[in-house]
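The structure appears below as structure tokens.
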Number of protein chains: 2
Amino acid sequence: MARPCPNGRHDHHDVYSATCPCRALLDLLANKWSALIIGLLDDHGPMRFTAVQTALPGVGAKMLTQTLRRLEAASLVTRTIYAEVPPRVEYELTDLGVDVSGPLGALRAWAEDNVDRIEALDGNWLQPT
Amino acid sequence: MARPCPNGRHDHHDVYSATCPCRALLDLLANKWSALIIGLLDDHGPMRFTAVQTALPGVGAKMLTQTLRRLEAASLVTRTIYAEVPPRVEYELTDLGVDVSGPLGALRAWAEDNVDRIEALDGNWLQPT
DNA sequence: CCGTATCCGTCAAGATACTG
DNA sequence: CAGTATCTTGACGGATACGG
């Protein structure tokens, strides 16, 4: 079993090590769409591809497919294909996915609850470039 | 006062609206480096530019500057310049930054604690492309 | 018809060298 | 020390075409 994180804080893992797999995991979670997708699946239960895309204005089909596949590879999401007419594919959180939706949900909630404070401090904090 | 989130869950904001400023805020937080930078400043207190860069293997000066400036614009981090020789610039969390380090820390901790489970389920979940 | 794969333009990220 | 300027590369994102 690989232990590439000799300087870990918890057991052996440390996100502050560039080569630690948990850093790659954090990158996957701290992605523009992952938090939204996981929160969505946590709220609605199993969803079809199109339903996810509709609920996420701004995401393209390609980016969505890519992100869903990475989440699937990380065992956070299952992808179930129903051989029906019309065809149907459903995405659903695994236990691991449900588990991480807690921290991610907290982050989303914080963003929603504190935008006003930030805008009060700096009217145009959203950088042009 | 702008209220661009008519379909919000909490008060008036909703990260699932493409045009809501809180979505931009989530994008800033759910960034590859933001979580690491904020956690670092939360642990160490005020830090100089080079110290941050050294503690974050893999980040380039350009990316680091960019991220720090955006965090500063969002009032999560302060940037203090000391007119000394050699020059010194220190970055420190604001109250808002300290506040968000909670949710972000939970996410980092989850990643560190659960990589082993993911690797047990799928040996090579880290996609080639 | 629903979802995936391919092509391609744009833009952000990385490397390097240099300045206040 | 703390960045900035410039270039190159590769990822992102959209449109289109394809498979089931």
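Atom set for the values below is all heavy atoms of this structure, side chains included, hydrogens, waters and symmetry mates excluded.
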Contacts table for residues 27-37 of chain A: side-chain donor-acceptor under 3.5 angstrom, sequence neighbours left out:
{"residue": "A:Asn31", "atom": "OD1", "partner": "A:Trp33", "partner atom": "N", "Å": "2.6"}
{"residue": "A:Asn31", "atom": "OD1", "partner": "A:Ser34", "partner atom": "N", "Å": "3.2"}
{"residue": "A:Ser34", "atom": "OG", "partner": "A:Leu28", "partner atom": "O", "Å": "2.8"}

Between side-chain atoms of residues 93-100 of chain A and protein atoms elsewhere (two or more places apart, or another chain), which donor-acceptor pairs fall under 3.5 Å?
{"residue": "A:Thr94", "atom": "OG1", "partner": "A:Ser75", "partner atom": "O", "Å": "2.6"}
{"residue": "A:Thr94", "atom": "OG1", "partner": "A:Leu76", "partner atom": "O", "Å": "3.2"}
{"residue": "A:Thr94", "atom": "OG1", "partner": "A:Leu96", "partner atom": "N", "Å": "3.3"}
{"residue": "A:Thr94", "atom": "OG1", "partner": "A:Gly97", "partner atom": "N", "Å": "3.1"}
{"residue": "A:Asp99", "atom": "OD2", "partner": "B:Trp110", "partner atom": "NE1", "Å": "2.9"}
{"residue": "A:Asp99", "atom": "OD2", "partner": "B:Arg117", "partner atom": "NH2", "Å": "3.4"}

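Put simply, CG on B:Leu64 is 16 Å from C1' on C:dA15, counting in whole angstrom units. Rounded to whole Å, atom C1' of C:dA15 lies 15 Å from atom CD of B:Gln66. Rounding to whole angstrom units, CE of residue A:Met63 and C1' of D:dA15 are separated by 17 Å. Per the geometry, CD belonging to B:Gln53 stands 13 Å off C1' belonging to C:dA15, to the nearest Å. Remark: C1' of C:dG14 and NZ of B:Lys32 are 11 Å apart, rounded to the nearest angstrom. One can place CG of A:Leu56 at 16 Å from C1' of C:dG3, the figure rounded to the nearest angstrom. A straight line from CG of A:Asn31 to C1' of C:dA12 spans 15 Å, rounded to a whole angstrom. As a whole-Å value, the separation of B:Trp33 CH2 from C:dA13 C1' is 11 Å.
Applying the salt bridge (charged side-chain N to carboxylate O under 4.0 Å, His left out) rule to pairs touching residues 71-85 of chain B yields B:Glu84-B:Arg88, sequence neighbours excluded. For the side chain to side chain donor-acceptor pair (under 3.5 Å) condition, no pair includes a residue of residues 45-61 of chain A, sequence neighbours left out.
In this structure, A:Gly60 reaches the sugar-phosphate backbone alone: every heavy-atom distance under 4.0 Å involves primed, P, OP1 or OP2 atoms, never a base.
Side-chain atoms of B:Asp113 and A:His13 include no donor-acceptor pair closer than 3.5 Å.
In this structure, the side-chain hydrogen bond (donor to acceptor under 3.5 Å, both in side chains) partners of B:Ser101, at least two apart in sequence or on a different chain, are B:Asp42. Legend: residues meeting side chain to side chain contact (heavy atoms under 4.5 Å, CB included) with A:Pro46, ordered by chain and number and at least two apart, are A:Glu90, A:Glu92. Under the rule for a side chain to side chain contact (heavy atoms under 4.5 Å, CB included), the partners of A:Ala18 that lie at least two apart in sequence or sit in another chain are A:Arg23, B:Pro57.
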Short heteroatom pairs, N/O only, protein and nucleotides 1-5 of chain D, under 3.5 Å:
{"residue": "D:dC1", "atom": "O3'", "partner": "B:Arg48", "partner atom": "NH2", "Å": "3.0"}
{"residue": "D:dC1", "atom": "O3'", "partner": "B:Pro87", "partner atom": "O", "Å": "3.3"}
{"residue": "D:dA2", "atom": "OP1", "partner": "B:Arg48", "partner atom": "NE", "Å": "2.8"}
{"residue": "D:dA2", "atom": "OP1", "partner": "B:Arg48", "partner atom": "NH2", "Å": "3.2"}
{"residue": "D:dA2", "atom": "OP1", "partner": "B:Val89", "partner atom": "N", "Å": "3.4"}
{"residue": "D:dA2", "atom": "OP2", "partner": "B:Thr50", "partner atom": "N", "Å": "3.2"}
{"residue": "D:dA2", "atom": "OP2", "partner": "B:Thr50", "partner atom": "OG1", "Å": "2.4"}
{"residue": "D:dG3", "atom": "OP1", "partner": "B:Arg69", "partner atom": "NH2", "Å": "3.1"}
{"residue": "D:dG3", "atom": "OP1", "partner": "B:Arg79", "partner atom": "NE", "Å": "3.3"}
{"residue": "D:dG3", "atom": "OP1", "partner": "B:Arg79", "partner atom": "NH2", "Å": "2.7"}
{"residue": "D:dG3", "atom": "OP2", "partner": "B:Tyr91", "partner atom": "OH", "Å": "2.6"}

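Rounded to 10°, the helix from C:dC1-D:dG20 to C:dG20-D:dC1 has 40° between the axis fitted to its first five pairs and the one fitted to its last five.
Shortest non-hydrogen contact noted between B:Ala111 and A:Cys22 is O-CB, 3.6 Å.
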